[in-house]
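These numbers come from the heavy atoms of this one structure, side chains and all, not from hydrogens, waters or symmetry mates.
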Amino acid sequence: MGSDGHGTCSYLGGLLAGVAIVVGGGLAGLAATMRLAENGFHVKLVSVTKVKRSHSVCAQGGINAALNLKNEGDSPLIHAYDTIKSGDFLANQPPIVEMCLAAPKMIQMLDRFGCPFNRMPDGHLDVRRFGGTLYHRTVFCGASTGQQLMYTLDEQVRRWEHKGRVEKFENHEFLRVVLDDLGCARGIVMMNLFNQKLEVLKADAVVVATGGPGLIFKMSTNSTFCTGAANARLYMQGMRYANGEFIQIHPSSIPGHDKLRLISESVRGEGGRIWVPGDSSKTIEVPGGEVIACGKTGEPWYFLEEIYPAYGNLVSRDVGAREILRVCEMGLGVEGKMQVYLDVRHLPEERLHKLESVLDIYKKFTGEDPRKVPMKIFPGVHYSMGGAWVDWPAADDPDRERRFRHMSNITGLFNCGESDYQYHGANRLGANSLLSCIFSGLITGDEIPRYVQEKIEPKASIFEEALAIEESFRKDLLGRKGKENVHALHEELAEVMVRHVTVKRCNKDLAAVIDKIKELRERYQSISLDDRGRFLNQTYQFAHQFGSMLELALVMTKSALHRDEFRGSHYKPEFPERDDKNWLKTTIATYCKDEPSISYERVDQRHVEPEPRDYRVAKKSHPELKQIPKSLL
């Protein structure tokens, strides 16, 4: 096999369609890599860790597909409606409809690949309920679904790797995209994490699938390499970043001093119940204005079940997180702390067995057996609905063939998975993350062959110049001899982000956070690294990431400051209502040196009109989604 990264490439005596770089080895990156290889591309797969350790393995509960296996009348269009509703109508609707229509066939594909989904006694796939829906549509592998899906797709990619179509660069970090004179992506600069060696990869198209930015908050359920730095570096090179203010706070995580550990929604899907000790001397106002007592003193108060009788412990994640916080702020938290109980002791052994991996995680990190004592949990930063702005021409748009799905505003640069903004609006529906990652990866792998038609050899100087920029920055960073410690700066950033840019926000605090981030950015110029060596230098690696993380934190905070309404995960007590007249629009952040420039674009709501979200009433919806292209049905 021979390839210089451009033009015609030989493969076993045949011709390759082109060369693509995929940055990120999680589900989105693997799906894109697999589909690109199937479409005749040579793929260079870059990952900061071993591919099989990518953060997708941490997903526990399941993957959604409206297979209607419980004969509840579920359908892909109802799934699409639930997704749109859960996102508080902020997501563009055409990509959601296509994703939900494709979901059943995707499950069939993964099943054929050998993914070990749980099954019912009759051999059919088993399904469970997840938050934000009344239907059983979540297919699962015990409580380690992400890991099993990762291994399944990794096996498919290894097939292509064996055939010479895929080339892996594990333990390498993306630093910048290489742009030609027309502003088109033609390759990347990456760093070998073992020895800091800088290298250039050339390609006809670049895909970024690097996951979320949880480490900005430090106290999150994300892996410690989920820094958001790749997207932040691209943003600083001109990529637009959309809906940065929308950060999902998962209702259930294990509180910790170093980070948080996820307790999957599957625990509640299998019947786990959230409660606090009741106190009848206190009252709480529920949606609709009624005031009720906070349970009976001395007895468990299952507050989600009482406040939201239709959905109970499986209300939408933003709703659940806010209610847990509200109850704890009233002084009702377990042991007087910011925590509530999640109880599985009443569940039969067959259900506990499905949750075994999650229960073992809790026991490992707390020393307590959840089969004997209720788990203590609290909401934690979990997911970013915002991400890279990417295009989506709908199936029946007149310019469909002239545009490319999942291409960013930088020509030739595609973005997919959690690192793009496209599918979840203001709040992600539980168990849609794995679906959107795989779907967007497959879509990207089909769009790039359409994009790569003419192959023009770029000037060698663009790669030399990009490499020189990174060499210069490395020299600067290693040469700094100030008094600041980058890890201490990170602690300060995380403290204000968690306190003011998560569940509850107010404009005064958000404005103060912006000033604080700018202060940290200035102090970052005066850091000093304890380790200046070339080998396995994690301090240098993080210091390199932290500068761009600050810029992304500014995007999140300023976007939140500007949006004066209550929508999905974005809650401002000062503005307690959703404001469709003024704020049914996507936030777009563009990099400027001082702080982001914020603009907006309309939301494509061609299929269903916005309506109030009400999780108090049990109503299995049969929505009328209009203008669905016949070619999709």
Side-chain angles (χ1 to χ4, degrees), residues 23 46 48 169 171-179 183 185-201 206 208 210 213 215-216 218 224-225 227-239 241 410 460-494 514-555 589-596:
V23 182
V46 180
V48 294
F169 297 87
N171 300 302
H172 284 72
E173 181 170 11
F174 167 87
L175 298 182
R176 72 171 35 242
V177 64
V178 180
L179 304 176
R186 305 308 298 266
I188 68 168
V189 178
M190 65 180 184
M191 177 174 65
N192 186 317
L193 295 179
F194 285 113
N195 56 21
Q196 291 184 29
K197 180 182 177 183
L198 300 180
E199 304 171 61
V200 166
L201 293 181
V206 176
V208 172
T210 50
L215 198 69
I216 287 174
K218 192 173 185 285
T224 54
F225 48 71
T227 63
N231 260 357
R233 289 162 176 157
L234 289 167
Y235 159 72
M236 294 173 73
Q237 283 192 262
M239 184 188 77
Y241 197 91
I410 297 176
S461 60
I462 65 172
F463 301 101
E464 296 166 359
E465 291 164 4
L467 199 59
I469 292 171
E470 290 302 327
E471 289 279 12
S472 175
F473 183 69
R474 177 168 67 184
K475 184 177 180 180
D476 167 46
L477 197 57
L478 290 170
R480 295 182 189 179
K481 297 180 181 179
K483 297 180 179 180
E484 299 288 354
N485 181 300
V486 69
H487 298 291
L489 297 183
H490 182 213
E491 292 282 354
E492 292 186 40
L493 172 67
I514 290 175
D515 291 339
K516 179 65 176 180
I517 295 170
K518 290 180 178 180
E519 173 205 312
L520 293 171
R521 184 170 61 185
E522 186 66 29
R523 291 164 60 192
Y524 170 69
Q525 303 302 317
S526 301
I527 63 171
S528 181
L529 304 185
D530 294 332
D531 184 356
R532 300 179 189 274
R534 294 295 289 266
F535 296 97
L536 298 172
N537 189 337
Q538 293 181 320
T539 300
Y540 169 76
Q541 180 188 352
F542 180 71
H544 196 302
Q545 295 163 343
F546 188 68
S548 55
M549 289 166 62
L550 288 168
E551 299 299 335
L552 199 51
L554 269 177
V555 170
T590 305
Y591 177 71
C592 294
K593 191 171 182 180
D594 181 49
E595 61 183 58

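- Between Leu215 and His490 the shortest side-chain heavy-atom distance falls below 4.5 Å.
- You'll find the side chain of Asn231 reaches within 4.5 Å of the side chain of Met239, heavy atoms only.
- Side-chain contact check for Ile517 versus Leu493: some heavy-atom pair is nearer than 4.5 Å.
- Taking CG of Asp531 as the reference point, atom CG of Asn537 lies at 3.5 Å (rounded to 0.5 Å).
- Rounding to the nearest 0.5 angstrom, the gap separating the CZ atom in Arg176 from the CG atom in Leu198 is 11.0 Å.
- Between the CG atom of Leu520 and the CD atom of Gln525 there is a distance of 12.0 Å, given to the nearest 0.5 Å.
- Between Leu554 and Ile514, some side-chain heavy-atom pair lies under the 4.5 Å cut-off.
- At least one donor-acceptor pair closer than 3.5 Å links the side chain of Gln196 to the backbone N or O of Gly533.
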field: Pair Phe463-Arg186, side chain to side chain contact (heavy atoms under 4.5 Å, CB included): steps then yes or no
entry: CA-CA 9 Å; Phe463 301 101; Arg186 305 308 298 266; 4.2 Å; yes
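- Here CD of Gln541 is found 12.0 Å from CG of Leu477. Values are rounded to the nearest 0.5 Å.
- Ala185 and Val206 make their closest contact through CB-CG2, 4.2 Å (heavy atoms, listed as atom of the first residue, atom of the second, distance).
- Taking NE2 of His172 as the start and CG of Leu193 as the end, the distance is 7.5 Å to the nearest 0.5 Å.
- When every heavy atom of Ile216 is checked against every heavy atom of Thr227, the shortest pair comes out as CG1-O, 3.9 Å.
- Among Tyr524, Phe542, Phe546, the one residue that satisfies the ring-ring contact (aromatic ring centres under 6.0 Å, His included) test with His487 is Phe542.
- Taking every heavy atom of both residues into account, Asp476 and Arg480 meet most closely at OD2-NH2, 2.8 Å.
- The shortest side-chain heavy-atom distance between Tyr235 and Pro596 falls under the 4.5 Å cut-off.
- Within 6.0 Å of CZ in Phe473 there are more than 12 heavy atoms belonging to other residues, nucleotides or ligands.
- For Gln237 (side chain) and Val177 (main-chain N/O), a donor-acceptor pair under 3.5 Å exists by modelled atom type.
- Around NZ of Lys518, the count of heavy atoms belonging to other residues, nucleotides or ligands within 6.0 Å exceeds 12.
- Checked by atom type and distance alone, the side chain of Arg521 pairs as donor or acceptor with a backbone atom of Asp594 at under 3.5 Å.
- Looking at Arg474, Arg233, Glu173 one by one, the single match for side-chain hydrogen bond (donor to acceptor under 3.5 Å, both in side chains) with His544 turns out to be Arg233.
- Between Pro213 and Leu552, the closest heavy-atom pair is CB-CD2, 3.9 Å.
- To the nearest 0.5 angstrom, Ser472 atom OG is 11.5 Å from Leu467 atom CG.
- Contact detail for Ser528 and Gly482: the closest heavy-atom pair is CB-O, 3.1 Å.
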